[in-house]
S.K.: 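Could you have a look at this structure, given as structure tokens, before my questions?
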Amino acid sequence: MIVSFAHFRRPLHVMAAAVAALALAGAPAVAQSALTPELEAAVQAVQRADQADADQYAPEPLASARQALAQAQAAHAARDKKKTLELAQRAAVDADLARARSQEAVAVAEVAQRKAEIADLQRQVGTEAQR
């Protein structure tokens, strides 16, 4: 028995649209998985710096990391492996520097706050001892 398109229950254009939609939906996942390990590491490093509030505490190295990451992504799109690797590594290093400086600034602020609390408690103890 020969099967023709007339035997399909749905019109051909509906099936073609469904196949096209499935192909387009899977395209970002394929593109995302095609990133090099270095480029993926750079993306994650920039995300970690963002989460550490590097925008506030270390804006210069974070801006440099973002710029290098954008250039690395452009080089990756242009299929320039050497430039992608170099720029991705630079972006990761700059992002790690931004995160470290941000964490340092937060730690310094916490130490200053604790010292102020200690000085305040010492004053309170001193005034109570004089009574």
S.K.: Show your reasoning for whether side chain to side chain contact (heavy atoms under 4.5 Å, CB included) applies to T36 and T84.
M.R.: CA-CA 9 Å; T36 64; T84 300; 4.3 Å; yes

S.K.: Are L35 and V46 linked, directly or through intermediate hydrophobic residues, by side-chain heavy-atom contacts shorter than 4.5 Å (ILVMFWY only)?
M.R.: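 Yes; tracing contacts between hydrophobic side chains, which count when under 4.5 Å, links both residues.
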
S.K.: Please find the pair of heavy atoms, one from A98 and one from A49, that lie closest to each other, and give the distance.
M.R.: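 Scanning both residues completely, I find the closest heavy atoms to be CB-CB, 4.3 Å.
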
S.K.: List the residues meeting side chain to side chain contact (heavy atoms under 4.5 Å, CB included) with A88, not counting sequence neighbours, and say none if there are none.
M.R.: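 Side chain to side chain contact (heavy atoms under 4.5 Å, CB included) check on A88 returns E38, L39, A42, A72.
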
S.K.: Can V43 and Q73 be said to form a side chain to side chain contact (heavy atoms under 4.5 Å, CB included), step by step?
M.R.: CA-CA 10 Å; V43 168; Q73 289 169 332; 4.0 Å; yes

S.K.: Any chance you could measure R90, atom CZ, to L87, atom CG, to the nearest 0.5 Å?
M.R.: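 Going from the CZ atom of R90 to the CG atom of L87 covers 5.5 Å.
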
S.K.: Applying salt bridge (charged side-chain N to carboxylate O under 4.0 Å, His left out), run through K83 and E86 and close with a yes or a no.
M.R.: CA-CA 5 Å; K83 194 170 185 178; E86 176 186 321; over 6 Å; no

S.K.: Do E117 and D120 have side-chain heavy atoms sitting under 4.5 Å apart?
M.R.: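 Sidechains of D120 and E117: no contact.
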
S.K.: Just list the side-chain donor-acceptor pairs under 3.5 Å for residues 54-65, sequence neighbours left out, or say none.
M.R.:
unit_1 : atom_1 : unit_2 : atom_2 : d
D55    : OD1    : R66    : NH1    : 3.1
D55    : OD1    : R66    : NH2    : 3.4
D55    : OD2    : R66    : NH2    : 3.3
S64    : OG     : D94    : OD2    : 2.7

S.K.: Tell me the salt bridge (Lys or Arg N to Asp or Glu O under 4.0 Å) pairs involving residues 99-110, sequence neighbours left out?
M.R.: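 Checked against salt bridge (Lys or Arg N to Asp or Glu O under 4.0 Å) - neighbours excluded - the pairs reaching residues 99-110 are D96-R99.
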
S.K.: What distance separates Q47 CD from L69 CG, expressed to the nearest 0.5 Å?
M.R.: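 Rounded to the nearest 0.5 Å, the CD-CG separation comes out at 9.0 Å.
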
